Amino acid sequence: MHDALAALRSPASAWIYSPTRFRERLARLREALAPSTILYAMKACADPAILAAATEAADGIECASTGELNAAAGAGARRLAFSGPAKTAADFAAAAAPPVPVVVHAESVRQLDGLAAAGFTGPVALRVNRGPALPGTHQMTGTPTPFGIDPVDVAAALDRARALGLDVAGFHLHAVSNCLDAAAYIGHVRSALAWSRQTARSNRLDLRYVNVGGGLGADPRGETIDLGALAAGLEGLDTTGIELVFEPGRYLAQAAGWYVADVVDVKTVAGQVFAIIRGGTHHFRLPAAWGYSHPFTVLRGPGRPEASNTQVRVCGELCTPRDVLNTGQNVDTIATGDRLLFANAGAYGWEISHDRFLDHARPTRIVID
Ligand SMILES: *Cc1c(COP(=O)(O)O)cnc(C)c1O
């Protein structure tokens, strides 16, 4: 990290990724959730170095577009899952001719029809919006969302799949993102399994697959879900005959990425100290998207301090007052030429950013160990 930062030309806007950090998180998660299957939800961070680490160390990759499907297969994934509420005929065709085995998470009856029409013969899991909403930053179930089907329509959907000759292996029950409450997540896994068994029994479905989704919490401000509590709460869970699948993105990628931006100007306006950086929310959109202040560390540059013991607002190079990464963090000193390091930024950081806006130079990409 030290060498990577030293080699970075000023003024920098850069993303730094560590596949080693990613692998460490994955190893800890594997231990906590063994013997469950872990698919990496690549939309959290699709950087090639991270994706390569994931294809090597996870059981497979969860994709939500044909583009992701191709990228994951190209990176050597052994197994794929294919989600997404708006799959088109082209997506069904891609799923029907997969380079590696793929399980399709069908989000509607129309998707079952599309899969059958494309000649898909692999396993299908029916995505269902069931159960209570879980604590987290994004609720996918327990509230009206475009994801999956209503529980009251499950029986009809299974009949339809049977009539189409599709192989329904089970259910996909992704519920939440950034759930930091281990007890609530344990409840989700247990009730998802019980509901799947019950639903399979009453519909004469041979249940082999229950995917409880991702959503394991790893907040960009640093906090993570308690893995020890999660492991303890899932101990002894009876999964006989069923592959229990988790597909985390955020938890695995959060600590594997840093955003770095250099201060190009410091000024005080209306009593507020501003640090203006090369880069901004078009390179790291998450703080603006969620409306929070991302913590940072000041790496002192050669410049004389321009403000001391003060709260500083960190703004980017865009011509909008919303280009703010932190509305006010206390710093010892701040100066033009200082480098700001934003840790725990690897998940949904660069991936969700709108870098085309204003056409500034793209961020530099650096891969460390
Ligand atoms: C985004 C997503 C995930 C990953 O969610 P995280 O909160 O990053 O763990 C998993 N499954 C599906 C279907 C998703 O859309």
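No experiment lies behind these values; they were computed from the predicted model shown. We use all heavy atoms of the structure for the numbers below, so side chains are in, but hydrogens, waters and symmetry mates are not. Every number for a ligand or one of its atoms is a count from 1 in the order of the listing.
- In this structure, Trp15 has its ring center closer than 6.0 angstrom to the ring center of Tyr259.
- Using a 4.0 Å cut-off between charged nitrogen and carboxylate oxygen, Arg23 and Asp369 do not count as a salt-bridge pair.
- Near ligand 1, Ala41, Lys43, Glu62, Ser83, Arg127, His172, His174, Ser177, Gly214, Gly215, Glu247, Pro248, Gly249, Arg250, Tyr348 each place a heavy atom less than 4.0 angstrom from the ligand.
- Screening Glu107, Gln111, His105, His174 for a side chain to side chain donor-acceptor pair (under 3.5 Å) with Arg127, the sole residue that qualifies is Glu107.
- Side chain to side chain, Gln329 and Ser293 fail the donor-acceptor criterion of an N or O pair below 3.5 Å.
- Between Glu317 and Arg278, at least one side-chain nitrogen of the basic residue sits less than 4.0 Å from a carboxylate oxygen of the acidic one, meeting the salt-bridge criterion.
- In this structure, CD1 in Ile61 is found 6.0 Å from OG1 in Thr55, a value given to the nearest 0.5 Å.
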